[in-house]
A.B. asks: 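Structure incoming, see below.
Counting convention: from 1, in listed order, for ligands and their atoms alike.
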Amino acid sequence: MNAPEASVRLAAASALGALIDQHAAAVEAAVIGWRRDVHAHPELGNREFRTAALVAEHLRALGLDEVRTGVAHTGVVGLLKGGLPGPVVALRADMDALPVKEEVDLPFASKATGTWNGETVGVMHACGHDCHVAVLMGVAQVLAGLREQLPGSVKFIFQPAEELPPEGEDGGAKMMVAEGALEKPTPGAIFGLHVTSMLPTGVVGYRSGPTMASSDTLRIDVDGRQTHGAAPWKGVDPIVTAAQVVLGLQTVVSRTIDLTEEPAVVTIGAIRGGVRENIIPDHVEMRGTIRTFNEAMRDDIHERVTTLAEAIGRGSRAQCRVCIRKNYPVTVNDPALTEAMAPTLHRVAGPGRAMVVPKVTGSEDFSFFQRVVPGLFVFLGVTPPGQDAKTAAPNHSPRFYADEAALLTGVRLLAHLACDWLAAHPTAR
Ligand SMILES: [Zn+2]
Ligand SMILES: [Zn+2]
C-alpha cells in the first residue's frame, strides 16, 4: 500500500468511527435488554443452551455470512464479511455463569439453580459474562449495519465454560481452538474485554505483556499409617506431615523464586483428614492453586512444589503424592498489538479514562486464543459513581453489581478496536 492509499484508508476509518458511535448509541437499549435477559437466565459452564440459542438467533437475524453452533459444546462462531477487501479480526465473549446464589436486589436478579459437580447450587452471572454476551451481540449489530464500509471481516466468538468446565468434562477456549474456532478464516488479531468491579463505570484498564496469571490446580495426598492419638509413635502422622508441607510450600515463592522478575502465588485452600480427636488418620488430602506470570517460572514452581512436598513426606516417613493439573496459561497481551491499539482505547474511553493497570492474579482462558494469534484483553469498569471501586463487591461475589451505563462503552470499545485494526492492516490477508 502506498502513502496516498494509506491516507484514504485512514480517512475512511475515521468516518466509519463516527458511524460506529451513532449505531452503538442506537443499540444501547437493546444491549441492556439482552444483558438483563441473560442475567435473569444464567447457565453454568457447558450448559449455556439458552444463551447460545439467543446469540445464534441474533447473529442469523443480522444476516451474518456464517453462524456455527455447537463449537466446544455450546459455543457460537459468527463471521461477518465486510463490503471492502481486508483482513480478518476476531472478537470474543464468554457466556457461562457461576455456582453462586445472587444476593443483589434487582428486578432481574437470578433465581436460577443448577447442578455443579453433583450438587444443587444457585446460579448467577457473578463474573459479568452476561455483560460480555450482550456487548458482543451489540457489536455484531453495529458492524452488520455498517458492513458495506467494513474493510475486512469480523469473527464473533461466543465461548462456553470460561470458569472451567464441570469436573470430568472438556470445554472452554482450549476446546474452541481445537474445534477450529480460529480457522477458516484465521484472524490476524483477537480482542476481548472483561467487566471489573475494580474500575469505575466506563473506565478502561489495560497492560502490555503478562496481564493475568496462569492457573493450575494442585492436589497433594499424604499417606501415613493410622494409629491411636495417644500413641503417635505406633503409626505415621499425615496431619503433622501435611502441616509441614503447607509451611514448606510457603518458601517456594518467598525463598526460591526471583520476585524481581514476576510475582507468583502458591495457596493451599483445602485440607481434609481425620474423623475424631483421638485417632491419627491414614490419609490427608490437600488442594491448592498455583499462579504465575511466566511460563518458565510456572514449570519451575511445579517442579519445586513437587520435590519439596515429596521430600517432606520422606523425612516424616509418610508419602506425599503430588498432582498438578495445568489449567490456563498466562494471559499475555501482545506488546506490539497493545501499543498499536492503545490510542483506540484512550479515544473510546475519553480523556483520563483509559489507564495501564497492575497485573491480576486471576486467570482467563482467553490465553488459549492468544497462543494462536496476537491478542489484547482489556478491563472495563462497572462500579457505579458514588461507590468506591476499591471496596465494591468483587467479581465472583454474590453481591457483584455491574453498572449498565458501562455497556455502551463496551460496544464502542470492541467495535472500534476491530475497525481500527482492520483499517491498519490492509495487506494482512
Ligand atoms: Zn470469573
Ligand atoms: Zn470472567
Side-chain angles (χ1 to χ4, degrees), residues 35 38-39 42-48 51-52 55 72 74-75 91-104 110 112 114 116-117 121-137 157-166 171-176 190-199 204-207 211-217 265 267 269 289 291 327-331 333 357 359-370 375-383 389 392-403 406-407 410 413-414:
R35 185 263 163 165
V38 174
H39 189 87
E43 296 171 297
L44 292 168
N46 283 354
R47 306 289 182 272
E48 305 89 340
T51 311
V55 166
T74 59
L91 302 173
R92 174 272 207 170
D94 42 8
M95 305 191 288
D96 55 322
L98 284 161
V100 172
K101 191 174 180 321
E102 176 147 15
E103 291 177 16
V104 186
S110 166
W116 185 251
N117 295 336
V121 291
V123 181
M124 175 192 175
H125 269 294
C127 202
H129 300 181
D130 51 337
C131 299
H132 307 165
V133 171
V135 161
L136 195 53
M137 287 171 71
I157 298 178
F158 291 84
Q159 181 211 304
E162 191 283 324
E163 306 276 3
L164 288 176
K174 188 182 186 184
M175 191 172 181
M176 286 205 94
I190 184 165
F191 299 106
L193 64 78
H194 207 302
V195 295
T196 176
S197 68
M198 293 188 289
L199 293 170
V204 174
Y206 69 98
R207 68 179 294 121
T211 297
M212 297 183 75
S214 63
S215 165
D216 302 312
T217 306
V265 178
T267 289
T289 187
R291 307 292 168 119
N327 296 325
Y328 296 164
V330 183
T331 301
N333 284 333
V357 292
K359 291 180 180 115
V360 175
T361 51
S363 65
E364 242 300 334
D365 71 352
F366 187 78
S367 51
F368 285 113
F369 297 120
Q370 290 172 318
L376 173 61
F377 192 69
V378 302
F379 302 102
L380 174 65
V382 289
T383 291
N395 295 54
H396 290 208
S397 159
R399 290 174 299 286
F400 174 69
Y401 174 81
D403 182 0
L407 299 181
L413 198 61
L414 291 183

A.B. asks: Given a threshold of 2.8 Å, state how many protein N/O/S atoms are nearer than that to the Zn ion (ligand 2).
C.D. replies: 3
A.B. asks: Any donor and acceptor pair, going by atom type alone, linking the side chain of Asn395 with main-chain N or O of Val195 inside 3.5 Å?
C.D. replies: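 Judged by distance alone, yes, a pair lies under 3.5 Å.
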A.B. asks: Ignoring hydrogens and angles, state whether a donor on the side chain of Ser110 or Glu102 is under 3.5 Å from an acceptor on the partner side chain.
C.D. replies: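 Ser110 vs Glu102: no donor-acceptor pair found between side chains.
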A.B. asks: Indicate the atoms forming the closest heavy-atom contact of Asp94 with Glu364, along with that distance.
C.D. replies: OD2-OE2, 3.7 Å
A.B. asks: Can you list everything that forms a side-chain hydrogen bond (donor to acceptor under 3.5 Å, both in side chains) with Arg291? Sequence neighbours excluded, please.
C.D. replies: Thr289
A.B. asks: For the residue pair His132 and His194, categorise the inter-ring angle as parallel (less than 30°), tilted (30 to 60°) or perpendicular (more than 60°).
C.D. replies: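 Ring orientation of His132 relative to His194: perpendicular.
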A.B. asks: Keeping the roles fixed (side chain from His125, backbone from His39), state whether a donor-acceptor pair exists under 3.5 Å.
C.D. replies: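 The answer is no, because no donor-acceptor pair under 3.5 Å joins these two groups.
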